[in-house]
Amino acid sequence: MSTESTTEMSARGKVPAGERVADWADSRLGIYTLAKANMRKIFPDHWSFMLGEVCLYSFLILILTGIYLTLFFHPSMTEVEYHGSYVPLKGQMMSEAYKSTLDISFDVRGGLFIRQLHHWSALVFIAGMLVHMMRVFFTGAFRKPREVNWVFGVLLLFLGMMTGFTGYSLPDDLLSGTGAHFMEGAILSVPILGTYLTFFLFGGEFPGTDLIPRFYSIHVLLLPGIMVGLVVAHMILVFFHKHTQFAGPGRSNKNVVGMPLMPVYMAKAGGYFFLVFGILALVAGVAQINPIWAFGPYRADQVSAGSQPDWYMGFAEGLLRIMPGWEINLWGHTLALGVFLPLAGFAVVLAVIGAYPFLESWITGDKREHHILDRPRNAPTRTAFGVAWLTAYFVAMIAGGNDILTTHFHLSLNAITWFSRIFFFAGPVIAFVVSKRVCLGLQRRDKDKVLHGRETGIIKRLPHGEFIEVHTPLSQGESHTLTAHEQHQPAEIGPAVDENGIPREYKGSEKLRARLSKAYFGEDGQIAKPTAEEYREITGGPGHH
């Protein structure tokens, strides 16, 4: 604050304490300058953008409830005798981790509610990330300049799954111990390195005495720390690149149409946070989850019937149940392919998903920045790939619960397993073909709507006896929305010979790119948009109604 302004303030009276604090902070941190530049930042308004906020808010709830739980949890596998409030387990030997979880559930005020709120928030967090990433994928929001943000999202989804796995392993009950044993078997299937990796992770032979302390450190320090860094980086990039928006009148790649961050968007975001918090609290209060007292402490020689992981790890178990028990022996080593191949396949699929923005950019040859979102129907091949991946994911989840389906619906376990094996490969192909045809059909419908207008259901008889249905022309805004998408042309590799008749030599990558580009944007990959000439010809004709 300048001397002159200070003198004027002194003349009027003492400077308010809040203003002095603000001046002090601004002179050292530049908060006012930063806020002035960003608090009026415009954010578009669409319901699907709230999916990312669900992830953020559930993550905040996870951190808050996790801090509370760490105050009472003892990450130790030391055997103790239980003398708590839960009578059926009194006098039994168990680990301190299991005992402290029982104490949190029955003896700590509000402990069971916080435990369940933490668990439900984890499920919603991962579900929100998956749905949010599908929204980003189907609308093409991952394109330049947001490829790095997409990679951050894939990493967050993977780390969220690993954090959830280590989290529900901490109580050391029979169910979580079975899940940890499952993970040990999967890691052991890695050729050559499997044994070393399990000893490094578990501290020796499973279960050992270091499992819970190591998982505790990973769960509360390592993985959350990385995730917080990725979330902060994700938010910074969202601010830096500006938010994407759907096509509409007045919207382009050079502007953003919406509401300012302060005060409108912040008020809505704050209210939405409390709405998410309230719904999760309601669910945590009325819907029981993970009743560890019903499972009992973990014993290496016991497996409870109907053991199932949380939903986001169900596909992993399903992949193992789909695979036959293949084993081969090489140079005196046994390779458990029935376990290793699903594990390696998951890693490959995750890498392909993370690299997809770069693959699509290479196929299309499009290096421009994109801030306008695609309607999924206008990118049929991409949408078909997404639906195919989701189909494989859900078939694997069905396979992971084949025993539950058998007991509850009185079906054959072998029939469910073979159905899963067949449809894990056939289902994505069918889903790809069907969803692509649906997208092309919707494109034809949009084209017809732009050219002929919207059906009114009113039947009119013309003077010469013909019956027609009256159509209402679309508004300019609706027509713009339906025709604003771009249409790429398939990449061409050029003529087979040069001007001198000498055959040209093309790299294999160029030929592959041309084939993929044709598959994406060829005649079967998109429907031509209506042109202005077609519109004038139809609307100007004598038979238009």
Side-chain angles (χ1 to χ4, degrees), residues 41-56 128-154 157 234-235 237-259 261 265 268-269 353-354 356-361 363-387 389-390 435-436 438-440 442-443 445-447 449-450 474 476-488 520-521 525-527 529:
K41 190 175 182 66
I42 301 299
F43 280 82
D45 190 17
H46 192 270
W47 67 267
S48 64
F49 300 151
M50 296 294 180
L51 298 173
E53 295 189 34
V54 171
C55 304
L56 178 62
M129 280 198 294
L130 181 62
V131 178
H132 175 60
M133 290 188 65
M134 287 300 99
R135 195 277 299 174
V136 171
F137 180 84
F138 286 126
T139 60
F142 55 78
R143 293 172 294 177
K144 183 181 178 181
R146 298 175 180 83
E147 302 97 331
V148 175
N149 237 0
W150 170 262
V151 175
F152 285 170
V154 174
L157 180 61
H234 178 82
M235 299 301 297
L237 288 178
V238 168
F239 265 80
F240 178 72
H241 292 143
K242 73 184 179 181
H243 208 291
T244 54
Q245 58 187 343
F246 283 97
R251 300 175 183 177
S252 68
N253 281 313
K254 298 181 179 180
N255 68 354
V256 179
V257 178
M259 303 172 297
L261 178 62
Y265 195 83
K268 293 181 66 175
I353 293 174
Y356 184 84
F358 307 98
L359 295 175
E360 183 173 301
S361 176
I363 293 172
T364 62
D366 188 0
K367 307 301 181 182
R368 299 169 300 164
E369 290 192 2
H370 292 273
H371 304 290
I372 298 295
L373 298 172
D374 288 333
R375 300 174 76 202
R377 66 185 64 179
N378 294 328
T381 305
R382 180 204 299 152
T383 300
F385 274 126
V387 174
W389 181 86
L390 288 175
S435 56
K436 186 172 182 179
V438 169
C439 289
L440 293 174
L442 292 174
Q443 284 190 35
R445 180 174 176 269
D446 288 344
K447 181 177 181 178
K449 188 183 293 186
V450 171
L474 299 181
Q476 290 185 352
E478 292 175 314
S479 298
H480 172 80
T481 300
L482 296 182
T483 58
H485 59 281
E486 297 184 51
Q487 290 196 302
H488 297 277
Y520 264 70
F521 309 117
Q526 58 186 348
I527 302 299
K529 292 193 300 183

Within-4.5 Å side-chain heavy-atom neighbours: [X] and [Y]:
{"X": "K367", "Y": "S361", "answer": "yes"}
{"X": "F521", "Y": "T364", "answer": "yes"}
{"X": "K268", "Y": "D45", "answer": "yes"}
{"X": "E369", "Y": "N253", "answer": "no"}
{"X": "F358", "Y": "V151", "answer": "yes"}
{"X": "L442", "Y": "P376", "answer": "no"}
{"X": "L474", "Y": "V450", "answer": "yes"}
{"X": "R368", "Y": "K144", "answer": "no"}

Once you round to the nearest 0.5 Å, how far does [atom1] of [X] lie from [atom2] of [Y]?
{"X": "T381", "Y": "Q526", "atom1": "OG1", "atom2": "CD", "result": "8.5 Å"}
{"X": "L373", "Y": "N378", "atom1": "CG", "atom2": "CG", "result": "12.0 Å"}
{"X": "I372", "Y": "E486", "atom1": "CD1", "atom2": "CD", "result": "10.0 Å"}
{"X": "F137", "Y": "W150", "atom1": "CZ", "atom2": "CH2", "result": "6.5 Å"}

What pair of heavy atoms forms the shortest contact from [X] to [Y], and how long is it?
{"X": "F246", "Y": "D374", "answer": "CE2-O, 4.1 Å"}
{"X": "P44", "Y": "T244", "answer": "CG-O, 3.1 Å"}
{"X": "P357", "Y": "E147", "answer": "CB-CG, 3.8 Å"}
{"X": "H241", "Y": "P145", "answer": "CE1-O, 3.1 Å"}
{"X": "H234", "Y": "N149", "answer": "ND1-OD1, 3.0 Å"}

All pairs passing side-chain hydrogen bond (donor to acceptor under 3.5 Å, both in side chains) where residues 132-141 contributes a residue, at least two apart: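 Counting only pairs at least two positions apart or across chains, no side-chain hydrogen bond (donor to acceptor under 3.5 Å, both in side chains) contact touches residues 132-141.
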Under the side-chain hydrogen bond (donor to acceptor under 3.5 Å, both in side chains) rule, collect the residues that match up with [X], sequence neighbours excluded.
{"X": "K254", "answer": "none"}
{"X": "E360", "answer": "Y356, R382"}
{"X": "Y265", "answer": "E53"}
{"X": "H488", "answer": "none"}

Whether [X] side chain and [Y] backbone form a donor-acceptor pair below 3.5 Å:
{"X": "K529", "Y": "H485", "result": "yes"}
{"X": "W389", "Y": "A384", "result": "no"}
{"X": "Q245", "Y": "H46", "result": "no"}
{"X": "K436", "Y": "P380", "result": "no"}

Residues R143, D366: salt bridge by 4.0 Å N-O rule: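 No salt bridge links R143 with D366.
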Salt bridge (Lys or Arg N to Asp or Glu O under 4.0 Å) against E478, all qualifying residues, sequence neighbours excluded: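 Residues passing salt bridge (Lys or Arg N to Asp or Glu O under 4.0 Å) with E478: R454.
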Side chain to side chain contact (heavy atoms under 4.5 Å, CB included) between R375 and L482, intermediate numbers included: CA-CA 9 Å; R375 300 174 76 202; L482 296 182; 3.1 Å; yes
Sole candidate of D446, I527, T383 that passes side-chain contact (heavy atoms from CB on, under 4.5 Å) when paired with R377: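 Single pass found, and it is D446.
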F43/F239 aromatic ring centres below 6.0 Å: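 Ring centroids of F43 and F239 are less than 6.0 Å from each other.
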Any side-chain donor near an acceptor of the partner, R146 and H371, under 3.5 Å: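 Checked: R146/H371 side chains pair up, N/O donor to acceptor below 3.5 Å.
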